[in-house]
Amino acid sequence: MKKEYIILLFLLLGPLLDVASFLGLPFSILFRGFYLAGIILYLIVKKQELKFLIPLLIFGIILFLYQFLYLKFSFMSIASAVLKFLYLPISILYFKHYVFPIRKEKVFTTIFLTYISIFLLSYLFNIGADAYLESDGKSGFKGLFSSINEFSAILVCLLPIITFYWKQKKKWFLSIFLIVLSLGCSLLIGTKILMGGIVFTIAYLLWQEREYLFFKRTKKQKLIIVLTIGFIMVIGSFLFTKTRTYQNMKIQQDFFQVENVLSLEFMNRVVYNDRLTFLHNNLDYFKNQIGIKIILGIGLEDYDIKMVEIDIFDIAFRYGILGIIIFLSSITLSIDWQKIKKEEKVSIILLIIISLTSGHVLIYPASCIYFAVILSPERVVMKEKTRKIKNNNIIENI
């Protein structure tokens, strides 16, 4: 079996691996560990991206020895920490040279529908778990997935690409159907990330059609469109107050007794779920550590301080100053931003926004893999007839 199909199968198994993780089965870490080892070996054998790969591997070894010999963490927790650090940057290095054997948008659609099907079926048959503890007072359903943030990030990053693709194929119904399905999941989950991503995707799709939908219309039609948009926004705002997302925000606001919705406290307590407080506590804790911990981090297993859940800060605190420098430099310097399509840039931007708001993107294998996969080059298919014409032209020129 070609390596392209092995990787394709691995990606399609992603939703099932996440279910296995929820059930406490070891398949997720085993499969993802084998995947990481395999692409590292491939890059070494092919001598590709070694200028980025070698520093990452050296830091991975240093990290393992540091946490094993100095921090005295367990072997499994260290292996997990190293895997999480290496997973995204090395995946990006690999997928720069990977070409899907079929259109990747179709693969993304299959993965998207698999995630949603598992979620909705688990809700219908009541075999999943709630997203919140009963003591929290909030409501939401996470189904058969361990992390609703990762689940939401995956749907949000895939949605713009697949809906834009099917729109280009003149299959508007399928694009709308996918949006409706994701909106249904959002209403059941009760978190802000998925709902916000859906709204952003709808706005992006409408913006792509702005000439046809608005600017080429008569003044009377434009006025009707503006009034219609205003009416939709009013109705949408009212309907939003009936959703679990709004109710959960309201519970959060009442719990922290925040009155001014325009204040920094509202942004921190309600929108950021108190993450700025976690950031302040982590910073105070981190800067009081000895030098080696500042350089190489306090580790994921340091439970004396709660993680921020803003990825860039969690990487800095948990993997140290050296870790964040190597992590970010290997990613930013290895990506050819000019070759990324517009809708793919939208997905990358959404992933970055999620990593800065709810986290669970950059060092979480279930979701960060899609950051790398999105960057894979476009599959170019040359029809046989076109190939023959080109060959004939070459012969004539000779």
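Note that the coordinates shown come from a computational prediction; the quantities given were computed from them, not determined experimentally.
Judged by the 6.0 Å and 45° rule, Lys222 forms a cation-pi pair with Phe214.
The aromatic rings of Phe31 and Phe27 sit perpendicular, their planes meeting at an angle over 60°, well past the 30° parallel limit. Under the 30°/60° scheme for interplanar angles, the aromatic rings of Tyr70 and Tyr66 are found to lie parallel. Between Phe75 and Phe64, the angle of the ring planes goes over 60°, which puts this pair in the perpendicular group of the 30/60° scheme. Note on ring orientation: taking the six-membered ring where Trp is involved, the planes of Tyr204 and Phe164 are tilted (angle from 30° to 60°).
Aromatic pair Phe141/Phe119: ring centres closer than 6.0 Å. Ring centers of Phe145 and Tyr115: under 6.0 Å apart, within the cut-off. For Tyr87 and Tyr35, the ring centers are positioned less than 6.0 Å apart. For Tyr319 and Phe327, the gap between ring centers reaches or exceeds 6.0 Å.
The minimum heavy-atom distance between Ile189 and Ala131, with the atom names listed, is O-CB, 4.4 Å.
Of the possible polar contacts, none joining the Ser347 side chain to the Leu159 backbone as a donor-acceptor pair under 3.5 Å is found. When atom types are taken as modelled, the side chain of Asp314 and the backbone of Glu309 share a donor-acceptor pair closer than 3.5 angstrom. Ser355 places a side-chain N or O within donor-acceptor distance of the main-chain N or O of Ile352, the cut-off being under 3.5 Å. Put simply, the side chain of Thr245 gets close to the backbone of Thr191: a donor and an acceptor are under 3.5 Å apart.
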**Message:** Using the rule given for side chain to side chain contact (heavy atoms under 4.5 Å, CB included), can you reason through Asn248 versus Tyr132, listing the C-alpha separation, both sets of side-chain angles and the distance that settles it, and then say yes or no?
**Reply:** CA-CA 10 Å; Asn248 289 340; Tyr132 302 97; 3.6 Å; yes
**Asked** Taking it one step at a time, do Lys142 and Glu150 satisfy salt bridge (Lys or Arg N to Asp or Glu O under 4.0 Å)?
**Response** CA-CA 11 Å; Lys142 68 177 182 178; Glu150 292 170 40; over 6 Å; no
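The shortest side-chain heavy-atom distance between Trp337 and Ile340 falls under the 4.5 Å cut-off. Contact of the Thr163 side chain with the Ile176 side chain is not registered, since no non-hydrogen atoms from C-beta on lie closer than 4.5 Å. Within the 4.5 Å cutoff, the side chain of Ile29 has no heavy atoms near those of the Leu17 side chain. Side-chain contact between Leu300 and Gln67 is absent, with no heavy atoms from C-beta onward closer than 4.5 Å. The side-chain heavy atoms of Lys104 and Glu344, taken from C-beta on, include a pair separated by under 4.5 Å. Proximity of Ile116 to Leu155: side-chain heavy atoms (C-beta onward) are separated by under 4.5 Å at one or more points.
Between Asp311 and Arg318, no side-chain nitrogen of the basic residue sits less than 4.0 Å from a carboxylate oxygen of the acidic one, so the salt-bridge criterion is not met. Ion pairing between Glu209 and Lys216 fails under the 4.0 Å rule for side-chain N and carboxylate O.
Rounded to the nearest 0.5 angstrom, Thr201 OG1 and Ile162 CD1 are separated by 9.0 Å.
Listed by chain and number, the residues in a salt bridge (Lys or Arg N to Asp or Glu O under 4.0 Å) with Asp336 are Lys339 (sequence neighbours excluded).
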